[in-house]
Protein chains: 2
Amino acid sequence: MARLPYACGLDAAVDLMGGKWKARILWQLHDGPHRFGELRRSLTGISEKMLIQQLRELEADELVHREVYREVPPKVEYSLTGFGATLNEALVPLGDWGHEHMARIEARRAAG
Amino acid sequence: MARLPYACGLDAAVDLMGGKWKARILWQLHDGPHRFGELRRSLTGISEKMLIQQLRELEADELVHREVYREVPPKVEYSLTGFGATLNEALVPLGDWGHEHMARIEARRAAG
DNA sequence: CGGTATCCGTTAAGATACTG
DNA sequence: CAGTATCTTAACGGATACCG
């Protein structure tokens, strides 16, 4: 079925940052560029495959910039674009909300 | 594999409102209770199955309240709980961001 | 009106091994 | 170090038909 146009801003935003990892990846980049390996260690539980896949999508959506340094050993740094930084700011209240209610949310999840 | 604890607030929040529909459903309820059929018509493109499934999950997470009126024909109203209202507020900046950048996001999506 | 039940294809996600 | 490749499972999303 043909994709419908976005119904609202939230629809568009969720399309870009939705899923299990993207918001957390953007979050990790808020304080400057990070290398692939740093991100992998920070994002506990992510597989290399998912990390690179999500980074590629974020790059295609112009939220993240990928800079390759031609060195040995190889070095690649990921950073927020200006566009990505604005999205990150819009995610702050959501992150705060989650932080504030984390105990409740964990408890509900544990309850099944 | 056993689920890890939430890594940050954003992780917990996305777990509750992530997916294609939940943010939009919460959004629709911001101005008061709505009936099942109203929501179905508002959320263009959603199937009845997805709508009821997402509503049940939102109810289980105490974000949405379900009120059944024993009438003929049947009437059920969904509304935000206090908890759901606070999440909705945290989503406002994200919705604004999406609205502001909608044209750009649509264009990227069209480009494939 | 407000759902259920069933079936089905697609996408997300994860484990593991391997490469330039 | 920063990825690729392959395979498998789980979750998401949708179509259709039916029910109280």
Side-chain angles (χ1 to χ4, degrees), chain A residues 1-7 10-11 14-26 28-29 33-61 64-79 109 112, chain B residues 1-7 11 14-25 28-29 33-61 64-79 109 112:
Chain A
M1 199 162 99
R3 230 300 202 174
L4 295 164
Y6 292 121
L10 218 35
D11 194 11
V14 167
D15 198 35
L16 282 197
M17 51 56 73
K20 189 171 177 179
W21 299 108
K22 284 182 180 172
R24 283 180 62 193
I25 293 173
L26 292 170
Q28 283 295 326
L29 296 176
H34 286 267
R35 301 181 63 168
F36 182 85
E38 290 176 327
L39 291 173
R40 187 187 45 201
R41 283 187 294 278
S42 305
L43 299 160
T44 315
I46 198 170
S47 68
E48 295 187 339
K49 176 193 147 181
M50 284 309 300
L51 178 54
I52 192 63
Q53 182 179 302
Q54 302 296 300
L55 282 170
R56 294 281 200 255
E57 291 180 15
L58 290 169
E59 192 190 356
D61 288 332
V64 160
H65 172 70
R66 178 173 181 265
E67 185 74 36
V68 180
Y69 298 87
R70 292 215 133 279
E71 303 173 357
V72 179
K75 176 176 165 183
V76 179
E77 278 190 343
Y78 295 89
S79 56
R109 194 181 63 171
Chain B
M1 198 162 101
R3 226 309 199 166
L4 296 164
Y6 292 121
D11 193 11
V14 167
D15 198 34
L16 281 197
M17 51 56 72
K20 190 170 177 179
W21 298 109
K22 283 182 180 173
R24 283 180 62 194
I25 292 173
Q28 283 295 326
L29 296 176
H34 286 267
R35 301 183 61 171
F36 181 86
E38 290 176 327
L39 291 173
R40 188 186 44 201
R41 283 186 295 277
S42 305
L43 299 160
T44 315
I46 198 170
S47 67
E48 294 188 339
K49 174 191 149 180
M50 286 308 302
L51 179 53
I52 192 64
Q53 181 180 301
Q54 304 295 302
L55 283 169
R56 293 284 200 251
E57 291 180 15
L58 290 169
E59 193 191 355
D61 288 331
V64 160
H65 173 71
R66 179 172 182 265
E67 184 75 35
V68 180
Y69 298 88
R70 293 214 129 282
E71 303 174 356
V72 179
K75 176 178 167 183
V76 179
E77 278 189 344
Y78 295 89
S79 56
R109 195 180 63 172

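Just so it is clear: chains get the letters A, B, ... in the order the sequence lines come, proteins before strands, and each one is counted from 1.
Here dG3(D) presents its P atom at 13 Å from OH of Tyr69(A), a figure rounded to the nearest Å. Rounded to an integer number of Å, the gap from CZ of Arg66(A) to C1' of dG3(D) is 9 Å. Here the P atom of nucleotide dG14(C) and the CD1 atom of Ile52(A) are 16 Å apart, to the nearest Å. As rounded to whole Å, 9 Å separates atom P of dA2(D) from atom NZ of Lys75(A). Going from atom CG of Leu55(B) over to atom C1' of dG3(C) covers 11 Å, rounded to whole Å. Rounded to an integer number of Å, the gap from Glu71(A) CD to dG20(C) C1' is 16 Å. Going from atom CD1 of Ile46(A) over to atom P of dG3(D) covers 13 Å, rounded to whole Å.
Interface residues of residues 35-44 of chain B facing DNA chain C, ordered by number: Arg35(B), Phe36(B), Gly37(B); criterion, heavy-atom separation under 4.0 Å.
Here the CD-CE distance, from Glu57(A) to Met17(A), works out to 13.5 Å after rounding to the nearest 0.5 Å. Note that CG of Leu26(A) is 13.5 Å distant from CH2 of Trp21(A), once rounded to the nearest 0.5 Å. Annotation: the span from Lys22(B) atom NZ to Leu10(A) atom CG amounts to 14.0 Å, rounded to 0.5 Å. With values rounded to the nearest 0.5 angstrom, His65(A) atom NE2 is found 12.0 Å from Leu29(A) atom CG. Atom NZ of residue Lys49(B) and atom CD of residue Gln53(B) lie 6.0 Å apart, to the nearest 0.5 angstrom.
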Donor-acceptor pairs under 3.5 angstrom involving side-chain atoms of residues 34-44 of chain B: please list them, not counting sequence neighbours.
residue	atom	partner	partner atom	Å
His34(B)	ND1	Glu38(B)	OE1	3.3
His34(B)	NE2	Gln28(B)	O	3.3
His34(B)	NE2	Asp31(B)	OD1	2.8
Arg35(B)	NH2	Pro74(B)	O	3.3
Glu38(B)	OE1	Arg35(B)	N	2.7
Arg40(B)	NH1	Glu48(B)	OE2	2.5
Arg41(B)	NH1	Gly37(B)	O	3.4
Ser42(B)	OG	Glu38(B)	O	2.8

Between protein and nucleic acid, restricted to nucleotides 18-20 of chain D and to nitrogen or oxygen atoms under 3.5 Å apart, what atom pairs and distances do you find?
none

List, with names and distances, any nitrogen or oxygen atoms from the protein found under 3.5 Å away from nitrogen or oxygen atoms belonging to nucleotides 10-13 of chain D.
residue	atom	partner	partner atom	Å
dG13(D)	OP1	Lys20(B)	N	3.3
dG13(D)	O6	Lys49(B)	NZ	3.2

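Within the 4.0 Å cut-off from OP1 or OP2 of dG20(C), not a single side-chain nitrogen or oxygen of Arg70(A) is found. Between Arg56(B) and the phosphate of dG2(C), there is no side-chain N or O to OP1/OP2 separation shorter than 4.0 Å.
Summarising the geometry of Leu16(B) relative to Leu58(B), their closest heavy-atom pair is O-CD2, 4.4 Å, with the distance given to 0.1 Å. Ala23(A) approaches Val14(B) most closely through the heavy-atom pair CB-CG2, 4.0 Å. Looking at every heavy atom in both residues, Arg109(B) comes nearest to Pro5(A) through NH2-CA, 3.9 Å.
Using a 4.0 Å heavy-atom cutoff across all strands shown, Tyr78(B) reaches sugar-phosphate atoms only and no base atom.
For Val72(A), there are no side chain to side chain contact (heavy atoms under 4.5 Å, CB included) partners two or more places apart in sequence or in a different chain.
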Steps toward side-chain contact (heavy atoms from CB on, under 4.5 Å) verdict (Leu55(B), Arg66(B)):
CA-CA 9 Å; Leu55(B) 283 169; Arg66(B) 179 172 182 265; over 6 Å; no
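Across the helix from dC1(C)-dG20(D) to dG20(C)-dC1(D), the helix axis at one end is tilted relative to the axis at the other end by 50° (nearest 10 degrees, each axis from five pairs).
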